[in-house]
Amino acid sequence: MDASSYCADGGTGGGRSRPEPAADPGPDPSPRAECVLCREPTEYPESVKGITLCPVCAWQEAQRTACSG
């Protein structure tokens with residue numbers, strides 16, 4: 001079964017879009033954006049617009065917003 005059979009919004013995450021993670025820049029990475037919840041560095045560069053979450057907060061947010069079936 002796919003996610004659309006469980007979620008009312010078709011598994012689209014409520015219509016919100018996420019910025020694409022930056023490619024690995026090598027040994028000298030550019031400054032990273034801060035997580036809007038815990039202020040830890042994220043995998044996104046500072047130039048990314050919008051809400052940026054670290055992997056831990058992104059996982060926790062996904063747990064909170066997931067449909068419970």
Side-chain angles (χ1 to χ4, degrees):
M1 294 188 153
D2 62 358
S4 63
S5 65
Y6 291 107
C7 298
D9 67 355
T12 60
R16 289 177 270 157
S17 62
R18 290 182 51 199
E20 290 296 320
D24 186 12
D28 187 24
S30 61
R32 297 291 169 197
E34 289 182 338
C35 175
V36 296
L37 299 177
C38 70
R39 317 266 310 160
E40 291 293 321
T42 66
E43 57 190 13
Y44 305 107
E46 279 186 344
S47 61
V48 170
K49 303 273 190 241
I51 296 173
T52 54
L53 299 174
C54 69
V56 173
C57 290
W59 180 82
Q60 291 173 344
E61 183 68 19
Q63 290 294 313
R64 283 192 291 268
T65 60
C67 48
S68 60

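Quantities reported herein were computed from a predicted structural model and do not represent experimental measurements.
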Just jot down the side chain to side chain contact (heavy atoms under 4.5 Å, CB included) partners of Ile51, sequence neighbours excluded, or say none.
Val36, Leu53
Can you tell me if Thr42 uses its side chain to pair, donor with acceptor, with the backbone of Ala33 under 3.5 Å?
yes
Distance from Trp59 atom CH2 to Arg64 atom CZ, nearest 0.5 Å?
10.0 Å
Using the test side chain to side chain contact (heavy atoms under 4.5 Å, CB included), find all partners of Val56 that sit at least two apart in sequence or belong to another chain.
Cys54, Gln60
On a heavy-atom basis, which atom in Arg32 and which in Pro45 lie closest, and how many Å separate them?
NH1-N, 3.4 Å
Run the salt bridge (Lys or Arg N to Asp or Glu O under 4.0 Å) test against Glu34 and tell me which residues pass, sequence neighbours left out.
Arg39
